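Because the structure is a prediction, the values reported are computed rather than measured. We use all heavy atoms of the structure for the numbers below, so side chains are in, but hydrogens, waters and symmetry mates are not.
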Amino acid sequence: MTHKEFLLETCALAGKVMLENGAEMYRVEDTMNRIAACKNEVGKTFVTQTVVLMGLEGTQQVQMETVSVRTINLGKVSAVNDLSRLLASDLIDIKELNHQLKELQRVMPPIELMLKTVCATLISASLMILLGGSWQDFIPTCLVGAGGYIAYLLSVNYLRLKYVDEFVGAFAMGILAFLMLKSGFGHSLDDMIIGSIMPLVPGVALTNTVRDLQEGHILSGISRGVEALIIALMIGAGIAVAFSVMR
């Protein structure tokens with residue numbers, strides 16, 4: 001493999017890792033171009049939701065990476081940025097960067113199921129209070145948020161049907177909120193549901209949509225916006241179905 005081919009592979013791999021973990025399109029392209037610039041090359045990039053293309057000015061070679069799985073792990077995005085800065089400072093070479101990127105891609109997020117559930121639980125109850133809910137519903141909202149998020153994670157791991165996962169999680173939250181209300185443990189159905197669905201709301205996707213549109217990435221901005229809209233609709237559908245079942 002020639003030097004330019006290895007550089008293309010490294011740039012495309014950096015873009016793929018960032019895109020898989022929730023980075024904005026302009027940030028992905030900027031990082032890839034900066035890595036190329038560190039080796040005195042001018043990068044030519046094209047990035048969509050599912051494809052990363054990297055070329056170099058003056059050559060006909062193009063490296064392509066496909067992205068089939070996307071999640072939110074901003075820690076990995078930050079790690080790629082840090083590695084690119086180390087390369088720019090000559091603290092690592094391109095071979096070490098390539099090796100570190102492959103390791104970073106293989107490493108699973110160090111967040112276990114229990115920790116994710118605890119975080120979702122606290123977020124649900126805290127946002128319920130911030131949105132005007134009562135402290136009487138703090139513990140019930142914790143239970144609803146935890147149960148619904150566990151259902152969501154189980155769907156992600158076993159059903160693996162995009163958008164259906166959010167529906168399953170929202171449906172479970174709706175059922176649990178009704179059970180809390182009917183048992184007398186919970187007091188406000190609306191507050192419990194509004195708080196518990198917050199961990200499922202695609203906030204990062206919506207933020208990236210606005211940023212991509214501002215940077216002129218119309219295609220990716222619109223596609224991410226539609227994806228976020230579908231997720232929001234599936235959350236609403238899950239709650240609506242729970243209402244129809246329990247009432």
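- For Thr209 (side chain) and Gly225 (main-chain N/O), a donor-acceptor pair under 3.5 Å exists by modelled atom type.
- In this structure, Glu227 and Tyr163 have side chains that are in contact, with non-hydrogen atoms separated by less than 4.5 Å.
- Checked by atom type and distance alone, the side chain of Lys76 never pairs as donor or acceptor with a backbone atom of Met18 at under 3.5 Å.
- Under the 4.5 Å side-chain contact rule for hydrophobic residues, Leu19 and Leu97 share a cluster.
- Phe138 and Ile123 fall into different hydrophobic clusters, where Ile, Leu, Val, Met, Phe, Trp and Tyr are joined by side-chain heavy atoms under 4.5 Å apart, directly or via other members.
- Counting heavy atoms from C-beta outward, Ile72 and Asn21 have side chains that stay 4.5 Å or more apart.
- Under the 3.5 Å distance criterion, the side-chain polar atoms of Asp137 are matched with a main-chain donor or acceptor of Ser188.
- By the 4.5 Å heavy-atom criterion applied to side chains, Gln61 and Leu56 are not counted as neighbours.
- Counting heavy atoms from C-beta outward, Arg70 and Glu20 have side chains that stay 4.5 Å or more apart.
- One finds no salt bridge joining Asp30 and Arg27 here, because no Lys/Arg side-chain nitrogen approaches an Asp/Glu carboxylate oxygen to under 4.0 Å.
- Clustering ILVMFWY residues whenever any of their side-chain heavy atoms sit less than 4.5 angstrom apart, transitively, puts Val226 in the very cluster that holds Leu213.
- When atom types are taken as modelled, the side chain of Ser89 and the backbone of Leu86 share no donor-acceptor pair closer than 3.5 angstrom.
- Side-chain atoms of Ser183 come within 3.5 Å of backbone N or O of Leu179 as a donor-acceptor pair.
- Put simply, the side chain of Thr45 does not reach to within 4.5 Å of the side chain of Leu53, judged on heavy atoms.
- Looking at Val52 and Met32, their side chains come closer than 4.5 Å, going by heavy atoms from C-beta outward.
- In this structure, Phe167 and Phe171 have parallel ring planes: the angle between them is below the 30° cut-off, well short of the 60° mark.
- The closest side-chain heavy-atom distance from Arg85 to Asn81 is below 4.5 Å.
- Side-chain N or O atoms of Thr121 include one that pairs as donor or acceptor with a backbone N or O of Thr117 at under 3.5 Å.
- Side-chain atoms of Asp165 do not come within 3.5 Å of backbone N or O of Tyr152 as any donor-acceptor pair.
- Proximity of Met173 to Ser196: side-chain heavy atoms (C-beta onward) are separated by under 4.5 Å at one or more points.
- The residues Glu29 and Lys44 are annotated as not salt-bridged, no charged nitrogen and carboxylate oxygen being separated by less than 4.0 angstrom.
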Please determine whether side-chain contact (heavy atoms from CB on, under 4.5 Å) holds for the pair Leu143 and Met180, giving the CA-CA distance in whole Å, both sets of side-chain angles, and the decisive distance to 0.1 Å. CA-CA 9 Å; Leu143 298 176; Met180 291 292 174; 3.4 Å; yes

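- Ser134 places a side-chain N or O within donor-acceptor distance of the main-chain N or O of Gln136, the cut-off being under 3.5 Å.
- Neither Ile235 nor Leu233 shares a network with the other; the hydrophobic side chains, linked directly or stepwise wherever heavy atoms of I, L, V, M, F, W or Y lie under 4.5 Å apart, form separate groups for each.
- Linking Ile, Leu, Val, Met, Phe, Trp and Tyr whenever their side-chain heavy atoms come within less than 4.5 Å puts Ile175 and Met192 in one cluster.
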Starting from the C-alpha separation in whole Å, work towards a yes-or-no answer on salt bridge (charged side-chain N to carboxylate O under 4.0 Å, His left out) for Glu9 and Lys16. CA-CA 10 Å; Glu9 177 189 293; Lys16 179 178 182 180; over 6 Å; no

